[in-house]
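Down below is the structure, laid out as structure tokens.
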Amino acid sequence: MQCLFLIVLMMNTTHAQNLKQVAYKDGSQKLNGLVTDNTTKKSPGVLILPAWKGADNEAKQAAIDLAKEGYIAFVADIYGEGNNPKDNAEAAKIAGKYKSDYAAYQKRIDLALKELIKAGADPSKIAVIGYCFGGTGALEAARAQLAVVGVVSIHGGLAKDLARKNIPLKTKVLIEHPAEDESVKPEDISNLVIEMNEGKTDWQMITYANSKHTFTNPESPDYNKLMADRAWKHTLLFLEEVLK
């Protein structure tokens, strides 16, 4: 037990040492993002959109790891101060709100992008990666035609309201999809393929065998280390192509 406590303490200390809180706003709503501490020089930037419970350890660790690769990373706050869900039921409710009101989601993503640029990221070299709910957000960043050169959706929700028209998508897209993700229906994938092709998008989807929804998160029972490691390597390869 004491050993476990020390490991958790070291993880939290690492996050505290490498990530700085950034306060920003959407109107009267206060938002609290996290930025890596390598902001003294102009570098390519990566915006991280966390899963449906907000800035979790997976998002924070991704930011730290990306900083080691030479990127300035910013973890977005989509929900705002005082709105982080306490459990899965609350998370489903608030995430569902932003999935339905996709314009509000896109706005929060854009605000975070602006903070990433303020932190020193090269505005011509920015990408977005997102996990779960954040993976949906990564696709919304492309659909909003935000000024990013690439997006990575990691076990994201792939469904889109069919009433929304498919539009040209200039942003390069990588989708990392777990083969056993029960939250994604076969028709969601079919419709996404149509959307990407009609948008004349430079896109690819990698499907990971023997993997359930949150396969990249070490704190999840779905965690598949082999496939998670492969997915991270694919993410880094994609970022290297679009940002360097």
Side-chain angles (χ1 to χ4, degrees), residues 26 44-52 76 78-79 91-114 116-117 123-208 211 213-216 231 234-235 237-243:
D26 181 2
V46 180
L47 178 66
I48 300 170
L49 304 178
W52 68 349
I78 300 301
Y79 301 149
K93 183 176 180 180
I94 191 169
K97 168 192 168 185
Y98 283 97
K99 287 180 181 179
S100 297
D101 188 357
Y102 62 88
Y105 197 3
Q106 292 171 346
K107 182 182 179 183
R108 291 280 167 94
I109 296 168
D110 191 36
L111 288 171
L113 285 171
K114 289 179 170 62
L116 175 57
I117 294 170
S124 68
K125 293 183 178 181
I126 293 180
V128 176
I129 72 171
Y131 298 89
C132 187
F133 169 62
T136 304
L139 294 175
E140 289 299 341
R143 291 167 181 147
Q145 299 182 325
L146 300 181
V148 298
V149 294
V151 302
V152 184
S153 174
I154 306 168
H155 53 80
L158 305 182
K160 186 189 75 169
D161 186 346
L162 294 180
R164 295 172 64 184
K165 293 182 179 179
N166 294 335
I167 61 173
L169 301 177
K170 298 179 181 179
T171 302
K172 294 183 180 182
V173 176
L174 169 61
I175 300 155
E176 298 180 353
H177 177 64
E180 298 175 16
D181 190 341
E182 295 180 354
S183 68
V184 175
K185 300 175 182 178
E187 56 264 34
D188 296 336
I189 296 175
S190 298
N191 290 330
L192 183 71
V193 170
I194 293 170
E195 178 186 9
M196 294 293 112
N197 289 338
E198 287 187 355
K200 301 187 184 304
T201 311
D202 179 346
W203 73 282
Q204 58 188 314
M205 175 184 285
I206 303 174
T207 302
Y208 299 88
S211 297
H213 178 53
T214 50
F215 77 105
T216 62
H234 292 147
T235 298
L237 182 65
F238 178 81
L239 293 177
E240 183 178 5
E241 177 191 327
V242 300
L243 294 179

Find the distance between [atom1] ([X]) and [atom2] ([Y]) and round it off to the nearest 0.5 Å.
{"X": "Asp181", "Y": "His213", "atom1": "CG", "atom2": "NE2", "value": "5.5 Å"}
{"X": "Asp26", "Y": "Leu111", "atom1": "CG", "atom2": "CG", "value": "5.0 Å"}
{"X": "Ile126", "Y": "Leu47", "atom1": "CD1", "atom2": "CG", "value": "8.5 Å"}

Mark yes or no for whether [X], through its side chain, and [Y], through its backbone, hold a donor-acceptor pair below 3.5 Å.
{"X": "Gln106", "Y": "Leu146", "value": "no"}
{"X": "Thr171", "Y": "Val148", "value": "yes"}
{"X": "Tyr105", "Y": "Ala141", "value": "no"}
{"X": "Ser153", "Y": "Ala138", "value": "no"}

Cut-off 3.5 Å, no hydrogens considered: what does the side-chain donor-acceptor table look like for residues 91-101, sequence neighbours left out?
{"residue": "Tyr98", "atom": "OH", "partner": "Arg108", "partner atom": "NH1", "Å": "3.1"}
{"residue": "Ser100", "atom": "OG", "partner": "Gly96", "partner atom": "O", "Å": "3.1"}
{"residue": "Asp101", "atom": "OD1", "partner": "Ala104", "partner atom": "N", "Å": "3.4"}

Output side-chain donor-acceptor pairs under 3.5 Å for residues 199-208, partner residues at least two apart or in another chain, one line each.
{"residue": "Thr201", "atom": "OG1", "partner": "Met196", "partner atom": "O", "Å": "3.1"}
{"residue": "Trp203", "atom": "NE1", "partner": "Asn197", "partner atom": "OD1", "Å": "3.1"}
{"residue": "Tyr208", "atom": "OH", "partner": "His234", "partner atom": "ND1", "Å": "2.7"}

Sequence-distant partners of [X], salt bridge (Lys or Arg N to Asp or Glu O under 4.0 Å), two or more places apart:
{"X": "Glu241", "value": "Lys172"}
{"X": "Glu140", "value": "Arg143, Arg164"}
{"X": "Lys114", "value": "Asp110"}

Output, in order, the C-alpha distance, side-chain angles, deciding distance and verdict of side-chain contact (heavy atoms from CB on, under 4.5 Å) for Lys160 and Asn191.
CA-CA 8 Å; Lys160 186 189 75 169; Asn191 290 330; over 6 Å; no

Set of residues satisfying side-chain hydrogen bond (donor to acceptor under 3.5 Å, both in side chains) with respect to [X], sequence neighbours excluded:
{"X": "His177", "result": "none"}
{"X": "Thr216", "result": "Glu58, His155"}
{"X": "Thr214", "result": "Ser220, Asp222"}
{"X": "Lys185", "result": "none"}

I'd like to know whether Leu239 forms a side-chain contact (heavy atoms from CB on, under 4.5 Å) with Val46, so could you lay out the CA-CA distance, the side-chain angles of the two residues, the decisive distance to 0.1 Å, and finally the verdict.
CA-CA 9 Å; Leu239 293 177; Val46 180; 4.2 Å; yes

With sequence neighbours excluded, tell me which residues meet side-chain contact (heavy atoms from CB on, under 4.5 Å) with Glu180.
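Applying side-chain contact (heavy atoms from CB on, under 4.5 Å) to Glu180 gives Asn210, Lys212.
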
Among all residues two or more places apart in sequence or in another chain, which pass the side-chain contact (heavy atoms from CB on, under 4.5 Å) test with Ala159?
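Partners of Ala159 under the side-chain contact (heavy atoms from CB on, under 4.5 Å) test: Asp188.
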
Compare all side-chain heavy atoms of [X] with those of [Y] and state whether any distance is below 4.5 angstrom.
{"X": "Ile129", "Y": "Val151", "answer": "no"}
{"X": "Leu243", "Y": "Val149", "answer": "yes"}
{"X": "Ile78", "Y": "Phe133", "answer": "yes"}
{"X": "Leu192", "Y": "Ile194", "answer": "no"}
{"X": "Ile154", "Y": "Ile175", "answer": "no"}

Taking ring-ring contact (aromatic ring centres under 6.0 Å, His included) as the definition, give me every residue that meets it alongside Tyr131, ordered by chain and number, with sequence neighbours left out.
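With sequence neighbours excluded, Tyr131 shows a ring-ring contact (aromatic ring centres under 6.0 Å, His included) to no residue whatsoever.
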
Indicate the atoms forming the closest heavy-atom contact of Ser211 with Pro178, along with that distance.
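Shortest heavy-atom contact: O-CB, 3.3 Å.
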
Among Ile117, Leu113, Leu116, find the one that has a side chain to side chain contact (heavy atoms under 4.5 Å, CB included) with Pro123.
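Single pass found, and it is Ile117.
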
Apply side-chain contact (heavy atoms from CB on, under 4.5 Å) to Leu139 and Val173, showing your working.
CA-CA 8 Å; Leu139 294 175; Val173 176; 4.0 Å; yes

Could you please spell out the steps behind the side-chain contact (heavy atoms from CB on, under 4.5 Å) verdict for Ile189 and Leu158?
CA-CA 7 Å; Ile189 296 175; Leu158 305 182; 4.1 Å; yes

